[in-house]
Enquirer: 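Quick one: this structure, given as structure tokens, is what I'll be asking you about.
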Amino acid sequence: MEKRFRFAGSILSADLLNLEREVASAVEQGIDLIHFDVMDYHFVPNMTFGPGFLKAMRQKFPDVIFDVHLMVSPLTEQIVTDYAKAGASWISIHPESTPHVERFLTLIKESGAKAGLVLNPSTTPNMLRYLWDKIDFVLIMTVNPGFGGQKLIPATLKKIADVKRLATEANVKPVIEVDGGISPETVAVAASYGASVFVVGNAFFGQKDRALALLNLHKALE
């Protein structure tokens, strides 16, 4: 039975010199997905995690859900297929990165991964009305993408509710994932608006006692 709530550990906040150990520890402690923030210095002012790195991680962790968030521009077919072949389980894209959103969502699904659309804080969710048949999950950014450790933008919480409402009206049930400023103080309110997967960076990897940190996140949801 699938969990009602799941946590995706963002390795952007982990010890970058010891990522194999960090991922193994996170999975052992109960993190449900490993979140890869892929950045290209164009779409966001940072650079991280190529497909070769993802492939190496997949060889070490064959059964872990790898949640790949592509913050790249321009988005190309080669980028999507390279990450899918490297072992991505979920792949999410930004509508600002391509004029052909439907085509790329289709490509992701044909590549064997779950397809997600990412909504930046200022991105309208209205386009979802025309894409539900291509979408497995919606990733709602509750901060501006690019760096970890930011505070959740309160106005983005309403967007979670808007996405939930649009999905209900369309009689579909996509996973709603949120990324940015998730902590024991914010996770419950994000869940109350409709989110069920929570990306945690500093709230997990940045804590000395990570088992306790994850326990506190789950307690907050109770």
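Along the sequence shown, residues are numbered consecutively beginning with 1. What you see is a predicted model; the values in this text were computed from it and never measured. All heavy atoms count here, side chains included; hydrogens, waters and symmetry mates do not.
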Enquirer: Might you point out which heavy atoms bring G116 and L105 nearest each other, and give the distance in Å?
Expert: O-CD2, 3.7 Å

Enquirer: Name each donor-acceptor pair under 3.5 Å that joins a side chain in residues 48-63 to protein atoms two or more places apart or in another chain, with its distance.
Expert:
residue : atom : partner : partner atom : Å
T48     : OG1  : D37     : O            : 2.3
T48     : OG1  : M39     : N            : 3.1
R58     : NE   : G87     : O            : 3.1
R58     : NH1  : F61     : O            : 2.8
R58     : NH1  : P62     : O            : 3.4
R58     : NH1  : V64     : O            : 2.8
R58     : NH2  : V64     : O            : 3.0
R58     : NH2  : G87     : O            : 2.7
R58     : NH2  : S89     : OG           : 3.0

Enquirer: What is the minimum heavy-atom distance between A167 and P174, and which atoms define it?
Expert: CB-CD, 3.6 Å

Enquirer: Between T76 (side chain) and I79 (backbone), is there a donor-acceptor pair under 3.5 Å?
Expert: yes

Enquirer: Between M71 and M47, is there shared hydrophobic-cluster membership here, with clusters defined by ILVMFWY side-chain heavy atoms closer than 4.5 Å?
Expert: no

Enquirer: Could you measure the distance from the CG atom of L75 to the NE2 atom of H100? Nearest 0.5 Å is fine.
Expert: 10.5 Å

Enquirer: I would like to know whether L217 and V200 meet side chain to side chain contact (heavy atoms under 4.5 Å, CB included); could you show each step before the answer?
Expert: CA-CA 10 Å; L217 287 162; V200 286; 3.9 Å; yes

Enquirer: Does N120 reach the main-chain N or O of S122 with its side chain, forming a donor-acceptor pair under 3.5 Å?
Expert: no

Enquirer: Without hydrogens or angle criteria, can the side chains of S183 and E185 be said to hold a donor-acceptor pair below 3.5 Å?
Expert: yes

Enquirer: First locate atom OH of Y83, then atom NE2 of H69, and finally report the distance between them rounded to the nearest 0.5 Å.
Expert: 12.0 Å

Enquirer: For the residue pair V143 and T156, establish whether any side-chain heavy-atom pair is separated by less than 4.5 Å.
Expert: no

Enquirer: Could you check whether any side-chain N or O of T142 sits under 3.5 Å from a backbone N or O of L157, counting only pairs where one atom can act as donor and the other as acceptor?
Expert: no

Enquirer: Assess whether atom CG of N171 is packed by more than 12 heavy atoms of other residues, nucleotides or ligands within 6.0 Å.
Expert: no

Enquirer: Going by heavy atoms in the side chains, are R6 and I31 under 4.5 Å from each other?
Expert: no

Enquirer: May I ask you to decide whether D162 forms a salt bridge with R165, counting only side-chain N to carboxylate O separations under 4.0 Å?
Expert: yes

Enquirer: Could you tell me the separation between the CD1 atom of I160 and the OG atom of S196, rounded to the nearest 0.5 Å?
Expert: 10.5 Å

Enquirer: Answer with yes or no whether the hydrophobic clustering places I153 together with F198; edges join I, L, V, M, F, W, Y residues whose side-chain heavy atoms lie under 4.5 Å apart.
Expert: no

Enquirer: Using 0.5 Å steps for rounding, measure from the CG atom of L70 to the OG1 atom of T98.
Expert: 12.0 Å

Enquirer: Could you report the tightest heavy-atom contact between A188 and A220, atom names first, then the distance?
Expert: CB-O, 3.4 Å

Enquirer: Output all residues satisfying side-chain hydrogen bond (donor to acceptor under 3.5 Å, both in side chains) with K109, sequence neighbours left out; order by chain, then residue number.
Expert: D136

Enquirer: Decide yes or no for P95 and L117: does some side-chain heavy atom of the first lie under 4.5 Å from some side-chain heavy atom of the second?
Expert: yes

Enquirer: Does the salt bridge (charged side-chain N to carboxylate O under 4.0 Å, His left out) test come out yes or no for R210 and E28, once each step is laid out?
Expert: CA-CA 11 Å; R210 294 175 180 175; E28 182 179 343; over 6 Å; no

Enquirer: Y41, I93: one ILVMFWY side-chain cluster at the under-4.5 Å cut-off?
Expert: no

Enquirer: Strictly distance-based, threshold 3.5 Å: is any side-chain N or O of Q207 a donor or acceptor partner for the main-chain N or O of N202?
Expert: yes

Enquirer: Could you walk me through whether F7 and H218 pass ring pair (Phe, Tyr, Trp, His ring centres under 6.0 Å), step by step?
Expert: CA-CA 9 Å; F7 288 94; H218 280 289; 4.9 Å; yes

Enquirer: Quick one: do E102 and L131 satisfy side chain to side chain contact (heavy atoms under 4.5 Å, CB included)? Show the steps, please.
Expert: CA-CA 7 Å; E102 190 274 345; L131 296 168; 3.9 Å; yes

Enquirer: Examine distances only and state if a side-chain atom of S111 and a backbone atom of L107 form a donor-acceptor pair shorter than 3.5 Å.
Expert: yes

Enquirer: Do E177 and V199 touch side chain to side chain, with heavy atoms closer than 4.5 Å?
Expert: yes

Enquirer: Looking just at side-chain N and O atoms, do T124 and N126 make a donor-acceptor pair shorter than 3.5 Å?
Expert: yes

Enquirer: Which heavy atom of A14 sits nearest a heavy atom of L19, and at what distance?
Expert: CB-CD2, 3.8 Å

Enquirer: Testing the 3.5 Å rule here: is there a donor-acceptor pair between the side chains of E96 and S73?
Expert: no

Enquirer: Is there a path of hydrophobic side-chain contacts, each under 4.5 Å between heavy atoms of I/L/V/M/F/W/Y residues, joining L212 to F205?
Expert: no

Enquirer: Do the side chains of F204 and Q29 get nearer than 4.5 Å, heavy atoms only?
Expert: yes

Enquirer: Identify whether the distance between the nearest side-chain nitrogen and carboxylate oxygen of K114 and D67 falls below 4.0 Å.
Expert: no

Enquirer: So, for F66 and F36, is the gap between ring centers shorter than 6.0 Å?
Expert: yes

Enquirer: How long is the gap from CG on L119 to OG on S92, to the nearest 0.5 Å?
Expert: 10.5 Å

Enquirer: I'd like to know whether the aromatic ring centres of F137 and W90 sit less than 6.0 Å apart in this structure.
Expert: yes

Enquirer: So, for A26 and I34, which heavy atoms are closest and what is the spacing to 0.1 Å?
Expert: CB-CD1, 4.3 Å

Enquirer: Given side chains that start at C-beta, do those of D32 and I65 come closer than 4.5 Å, heavy atoms only?
Expert: no

Enquirer: Within a reach of under 6.0 Å around CD of E169, are more than 12 heavy atoms found that belong to other residues, nucleotides or ligands?
Expert: yes

Enquirer: Side chains of V138 and L128: closer than 4.5 Å at any heavy-atom pair?
Expert: yes

Enquirer: How long is the straight-line distance from CZ of R103 back to CD1 of I108, given to the nearest 0.5 Å?
Expert: 13.0 Å

Enquirer: Going by the angle between their ring planes, with limits at 30° and 60°, are F43 and H94 parallel, tilted or perpendicular?
Expert: tilted

Enquirer: Same cluster or not: are V172 and Y193 linked, directly or through other Ile, Leu, Val, Met, Phe, Trp or Tyr residues, by side-chain heavy atoms under 4.5 angstrom apart?
Expert: yes

Enquirer: Is there side-chain contact between V68 and V38, with at least one heavy-atom pair below 4.5 Å?
Expert: yes

Enquirer: Will you find, in the side chains of E77 and T81, an N or O donor that is under 3.5 Å from an N or O acceptor?
Expert: no

